[in-house]
Amino acid sequence: MTSPSLCRLRNFLIRVNTSISSSCHQNTRKMSSVKPSVYVTRRVPLPGKEILASECNVTQWDQDDPVPRDELLRQVKGKDGIFCLLTEKIDEELILAAGPQLKVVGTMSVGYDHVDLAACKKHNIKVGFTPGVLTNAVAELTVALLLTTSRRLKEAMAEVVNGGWGTWKPLWLCGQGLDGATVGIVGLGRIGLTVGKCLKPFAVQKFLYSDAFENPGAAEIGAQRVPLDELLANSDFVLACCALTPETKEMFNKDVFKKMKKNAIFINTSRGGVVQQDDLYDALKSGEIGAAGLDVTVPEPLPTNSPLLTLNNCVILPHIASATDKSRSSMSELTAKNILAALNGEKMPTEVQIN
């Protein structure tokens, strides 16, 4: 038989063990209930912020203009995730300012050259971006710029306003049409291919493309892959749909413009950095090429005294290619989902692959 003293000791130990287990369980619950913190660097469409707020503590620079760098460095301190835009430089300085708990950077953009991928890899930080959801919107605006420049709409609208519109004249404001034209696409990715699909019903005769790799989707528009020089020499329209990389930086320069047709029209809705803008101005001013339409420039915003703005054959828009309600909301939502996935240790919907 067990003595009363041993029974009392056993019961005491059981109570102590139960108390410790309960305390540990409560502490575990308390620790797991601590939400990760995310900093949003701009006023963005609500879907993204609402998705993050469901699982995270969210702080935000609630303005339409970019957060000042000093403020950004202060606000990211202690954050687990950063929701940023193209205007925020994500570099070693910012990563160190945030601290070792930073796990993910989600950029609400397709481009990510503002993110130092080497620094992110060094600190084991995942990077998300938003390809795909803005493809149709960018393709639409690319076509809009092409039509605006080729049909000289900037000049035509000015004539209506300044009183230059007189009697109908057979040769007045004639532009270059797409019927029977050759369109050259530099960079046949998602956007480039979608632009081609949009243009095909305009009776384009031929599509050429220049890219590092064959795109199986090119068959959908009957596009032929050719060397860049051949594309430049034969295209009535040259569309820049390529990413900004060290290889493509300022690739559209005086040497390239010299290889284009005299009446060729150049369109850029990719990144401003792929163009040498002084060379573009010279080519447009001298008549070396026919016209240009740009949605992106260097810098942004383009200074109002830029010589490009003095040209009738140059149309410049303020980086609005993705500016549809649907596209921007989808970009915001995807950015938030990328961040949440990384914070939860799950596969991100669209992660930048860092080599």
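All values below come from the heavy atoms of this structure, side chains included, with hydrogens, waters and symmetry mates left out. Everything quoted here is computed from the prediction, not taken from an experiment.
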Validation: residues 165-178 side-chain donor-acceptor distances under 3.5 Å, sequence neighbours left out:
unit_1: Lys169; atom_1: NZ; unit_2: Thr167; atom_2: O; d: 3.3

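- Looking only at distances, no side-chain donor or acceptor of Glu288 sits under 3.5 Å from a matching main-chain atom of Lys285.
- Residues satisfying the ring pair (Phe, Tyr, Trp, His ring centres under 6.0 Å) criterion with Phe129, sequence neighbours excluded, are Tyr112.
- Of the possible polar contacts, none joining the Ser306 side chain to the Pro303 backbone as a donor-acceptor pair under 3.5 Å is found.
- Remark: Ser37 OG to Ile82 CD1 distance equals 9.5 Å, nearest 0.5 Å.
- Put simply, Leu145 and Val143 are part of the same group of oily side chains (I, L, V, M, F, W, Y) that touch within less than 4.5 Å, one to the next.
- Under a 3.5 Å cut-off, the side chain of Lys197 and the backbone N or O of Leu193 do not form any donor-acceptor pair.
- Contact annotation: the side chain of Glu333 approaches that of Ile51 to within less than 4.5 Å [non-hydrogen atoms, C-beta and beyond].
- Formation of a donor-acceptor pair under 3.5 Å by the Lys121 side chain with backbone atoms of Asn355 is found in this model.
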Evaluate the criterion side chain to side chain donor-acceptor pair (under 3.5 Å) for residue pair Ser327 and Asn136; output intermediate values, then yes/no.
CA-CA 8 Å; Ser327 176; Asn136 290 335; over 6 Å; no
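- We find the CG-CG distance between Leu280 and Asp282 to be 9.0 Å, quoted to the nearest 0.5 Å.
- Residue Lys261 places its NZ atom among more than 12 non-hydrogen atoms of other residues, nucleotides or ligands, all under 6.0 Å distant.
- A donor-acceptor pair under 3.5 Å links the side-chain atoms of Asn338 to the main chain of Thr350, judged by distance alone.
- Checking side-chain atoms of Thr130 against main-chain N and O of Ser109 turns up a donor-acceptor pair under 3.5 Å.
- Here the side chains of Val38 and Leu343 are in contact, with some heavy-atom distance below 4.5 Å.
- For the pair Val44/Arg328, no side-chain contact is recorded, criterion being any heavy-atom separation below 4.5 Å from C-beta on.
- Under the ring pair (Phe, Tyr, Trp, His ring centres under 6.0 Å) criterion, Phe83 pairs with no residue, sequence neighbours left out.
- Between the side chains of His114 and Thr107, at least one donor N or O lies within less than 3.5 Å of an accepting N or O.
- With respect to the salt-bridge test (charged N to carboxylate O, under 4.0 angstrom), the residues Lys35 and Glu55 do not qualify.
- A heavy-atom distance below 4.5 Å is found between the side chains of Thr297 and Gln277.
- A 4.5 Å side-chain heavy-atom check between Leu340 and Leu52 finds at least one atom pair inside the cut-off.
- Cluster annotation: Leu231 and Phe257 are assigned to the same hydrophobic cluster (Ile/Leu/Val/Met/Phe/Trp/Tyr, side-chain heavy-atom contacts under 4.5 Å, transitive).
- Electrostatic pairing of Lys122 and Glu92 counts as a salt bridge here, judged by a charged N lying under 4.0 Å from a carboxylate O.
- The two residues Pro131 and Val110 make their nearest non-hydrogen contact at CA-CG2, 3.9 Å.
- Of all heavy-atom pairs between Ala240 and Val274, the closest is CB-CG2, 4.5 Å.
- When only modelled atom types and interatomic distance are considered, Thr269 and Thr142 share a side-chain donor-acceptor pair under 3.5 Å.
- Judged by distance alone, the side chain of Asn313 and the main-chain N or O of Leu284 form a donor-acceptor pair under 3.5 Å.
- Cys120 SG to Ile125 CD1: the interatomic distance, rounded to the nearest 0.5 Å, is 5.0 Å.
- Placement of Leu153 and Val315 in two distinct hydrophobic clusters is found when ILVMFWY residues are connected by side-chain heavy-atom separations under 4.5 Å, directly or transitively.
- Remark: side-chain polar atoms of Ser332 are not paired, donor with acceptor, to backbone N or O of Ser329 under 3.5 angstrom.
- The distance from atom CD of Gln63 to atom CZ of Arg43, rounded to the nearest 0.5 Å, is 5.5 Å.
- Within a 6.0 Å radius of CG in Asn162, other residues, nucleotides and ligands contribute more than 12 heavy atoms.
- Counted by atom type alone, Gln276 and Tyr281 present zero donor-acceptor pairs between their side chains at under 3.5 Å.
- Other residues, nucleotides and ligands contribute over 12 non-hydrogen atoms within 6.0 Å of the CZ atom of Arg42.
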Assess whether salt bridge (charged side-chain N to carboxylate O under 4.0 Å, His left out) is satisfied between Asp91 and Arg69, documenting all intermediate values.
CA-CA 12 Å; Asp91 56 9; Arg69 178 71 175 182; 2.8 Å; yes
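- Residues Leu146 and Leu199 form a side-chain contact, since some pair of their non-hydrogen atoms from C-beta on lies under 4.5 Å apart.
- A distance-only check finds no donor-acceptor pair linking the side chain of Ser270 to the backbone of Cys241 [under 3.5 Å].
- For the atom pair Cys198 SG and Ile221 CD1, the distance stands at 10.0 Å (nearest 0.5 Å).
- Of all the heavy atoms in Met348 and Ala341, the pair that sits closest is CA-CB, 3.8 Å.
- Considering all non-hydrogen atoms of both residues, Ser235 and Val183 come closest at OG-C, 4.1 Å.
- For the pair Lys154 (side chain) and Cys314 (backbone), a donor-acceptor distance under 3.5 Å is present.
- Put simply, Tyr39 and Val115 are part of the same group of oily side chains (I, L, V, M, F, W, Y) that touch within less than 4.5 Å, one to the next.
- Side chain to side chain, Arg225 and Ser210 fail the donor-acceptor criterion of an N or O pair below 3.5 Å.
- Rounded to the nearest 0.5 angstrom, Leu244 CG and Met251 CE are separated by 11.0 Å.
- Under a hydrophobic-cluster definition in which Ile, Leu, Val, Met, Phe, Trp and Tyr are linked whenever side-chain heavy atoms come within less than 4.5 Å, directly or via other members, Ile95 and Val352 are assigned to the same cluster.
- Of all heavy-atom pairs between Ile320 and Asp295, the closest is N-OD1, 2.8 Å.
- Checked against the 6.0 Å centroid criterion, the rings of Phe237 and Phe266 do not qualify as a close aromatic pair.
- Closest approach of Asp211 to Gly189, counting heavy atoms only: OD2-N, 4.4 Å.
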